[in-house]
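A short write-up of the structure that comes next.
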Amino acid sequence: MGRILRYLLFMLPGCCAAAVLFLPARRRIKGGILRKTAMLLFWLFTGGMAAITLFREPGWLLAGLCGSWTPLFDLGNLGSRISLIPFSDIDNIYNIVGNVVMFVPFGFFAALLWQGFTWRRALAAGLCITGFIECWQLLVGRTTDIDDVILNALGVFCGYLLWRGLRRLAPRFARRFHVMDILELVEPTIEYKEQVLAFKAEMLEYGSGFDGCAGLESTDTYEEWLDFRGREARNGWVLSNTWLTVRKSDNRVVGIIDCRSALTDFLRQYGGHIGYCVRPTERRKGYAAEQLRLALEKYREAEEKRVLVTCDKSNTASRRTILANGGVLENEVEDQPDLGESGILQRYWITL
């Protein structure tokens, strides 16, 4: 415990410097008080870590501020200060656990505060952060150890997993830390003709499926696509409401979502109440989860009790979107109509 308290004391100058820098920057940080508080904690932690990792020894900066300055850089005996053989010089469990735990906040706060922070990015960020620190420490007379790179990167990844756990247990709370562009569902009108046609062209260019697009891929003109009721009658489809998901800041159509009013035997087994998609260039921004949330609000207004949403088992992004909105897996069924790629469809119910 004494060693932990000593390290926290060594971090104090860096935390203070980070707090000073945060004050003028806070007005440019988007989001509410909750996100700004988390951002402040991240700045404080980053500043503290800089204080104990980027100088000659963990307490070098604090000692200097107390009047005991020593030279910062030391390039002597470089060869003897590099260890590139993994796990050849681990002396105790404290160092192993400490090297992991110290870097957990980097992965946790990065995923908490910024959208699109995947496990791949977590690993890449961990390697980049600790790689830079280890290279810098060579310049200030400290040892560079491959074990530190591995364990520190593992810590960043564990932080990402910790955020995943938070998002699974409290998805609505976790979303409050992200800055989300304001989206709205609007009825398709002739005003959006050029945008919808551009949406269709982009989907075809990227080879994306048209789930939830109400037959957009099979219509020749925009006016033909707008004839939803006629197409439903001709094809024997159930009544549905098709909405354009529009980003309010620039009125750009980023997605399309189709909300069915009832379930046939086919829809109950395979299709569900809702189909949706986001254009390829606007993905990884949380738009799919947000447009599904907005659609669920429509069902609540209609006093529905629960809705069924399905996805292909291999579609990880769609599964995450459903889970983020409270979806509960009921079962998996064989994809007899060949709607997906894996041959298995997952059926999720969302209670409203």
Q) Would Ser314 and Asp312 count as having a side-chain donor-acceptor pair, cut-off 3.5 Å? A)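 The criterion, which ignores hydrogens and geometry beyond distance, is satisfied for Asp312 and Ser314.
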Q. Shortest non-hydrogen contact from His273 to Tyr299?
A.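 The pair with the smallest heavy-atom distance is O-OH, 3.4 Å.
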I'd like to check [X] versus [Y] (side-chain heavy atoms, cut-off strictly below 4.5 Å). Are they in contact?
X      : Y      : answer
Phe199 : Tyr192 : no
Arg347 : Trp349 : yes
Arg252 : Arg279 : yes
Leu75  : Leu139 : yes
Val309 : Asn325 : no
Leu62  : Met11  : no

Q: Evaluate side-chain hydrogen bond (donor to acceptor under 3.5 Å, both in side chains) for Gln346 paired with Tyr348, printing each intermediate quantity in order.
A: CA-CA 7 Å; Gln346 295 182 323; Tyr348 293 86; 2.9 Å; yes
**Q.** Verdict with supporting geometry, Leu323 and Val328, side chain to side chain contact (heavy atoms under 4.5 Å, CB included)
**A.** CA-CA 7 Å; Leu323 291 173; Val328 177; over 6 Å; no
Got a sec: does the [atom1] of [X] have more than 12 other heavy atoms crowding it under 6.0 Å?
X      : atom1 : value
Glu223 : CD    : yes
Asp250 : CG    : yes
Glu332 : CD    : yes
Arg176 : CZ    : no
Arg168 : CZ    : no

Q: Mind running side chain to side chain contact (heavy atoms under 4.5 Å, CB included) on Phe106 and Met49 for me, showing each step along the way?
A: CA-CA 10 Å; Phe106 280 119; Met49 287 296 291; 4.2 Å; yes
Nearest 0.5 Å, what's the [atom1]-[atom2] distance between [X] and [Y]?
X      : Y      : atom1 : atom2 : value
Thr53  : Trp136 : OG1   : CH2   : 10.5 Å
Asp147 : Ser83  : CG    : OG    : 6.0 Å
Thr310 : Arg319 : OG1   : CZ    : 13.5 Å

(Q) Salt bridge check, Asp227 against Arg234: does any charged N sit closer than 4.0 Å to a carboxylate O? (A)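 Looking at Arg234 and Asp227, the cut-off is met.
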If hydrophobic clusters are built by linking Ile, Leu, Val, Met, Phe, Trp and Tyr wherever their side-chain heavy atoms come under 4.5 Å apart, do [X] and [Y] end up in the same one?
X      : Y      : answer
Leu216 : Leu185 : no
Ile256 : Val238 : no
Leu244 : Leu183 : no

(Q) With side chain to side chain contact (heavy atoms under 4.5 Å, CB included) as the criterion, how do Glu232 and Asn235 come out once you've worked through the C-alpha distance, each side chain's angles and the decisive distance to 0.1 Å? (A) CA-CA 5 Å; Glu232 288 166 355; Asn235 293 300; over 6 Å; no
(Q) Tell me whether Asn152 contacts the main-chain N or O of Thr130 through its side chain, where contact means a donor paired with an acceptor under 3.5 Å. (A)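 Side chain of Asn152 to backbone of Thr130, a donor-acceptor pair under 3.5 Å: no, none is there.
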**Q.** From CA spacing to verdict: salt bridge (Lys or Arg N to Asp or Glu O under 4.0 Å), Lys285, Glu290
**A.** CA-CA 10 Å; Lys285 298 180 181 180; Glu290 178 64 8; over 6 Å; no
(Q) For a salt bridge (Lys or Arg N to Asp or Glu O under 4.0 Å) check, start with the C-alpha distance between Arg247 and Glu282, then their side-chain angles and the critical distance, and finish with the verdict. (A) CA-CA 10 Å; Arg247 185 168 56 207; Glu282 297 290 353; 3.0 Å; yes
Q | ring-ring contact (aromatic ring centres under 6.0 Å, His included), paired with Phe42, selected from Phe22, Phe177, Phe109 | A |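 Per the ring-ring contact (aromatic ring centres under 6.0 Å, His included) rule, the option paired with Phe42 is Phe109, out of Phe22, Phe177, Phe109.
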(Q) Determine whether Glu297 and Arg300 satisfy the following criterion, salt bridge (Lys or Arg N to Asp or Glu O under 4.0 Å), listing intermediate values before the conclusion. (A) CA-CA 5 Å; Glu297 291 298 327; Arg300 290 189 180 95; 3.0 Å; yes
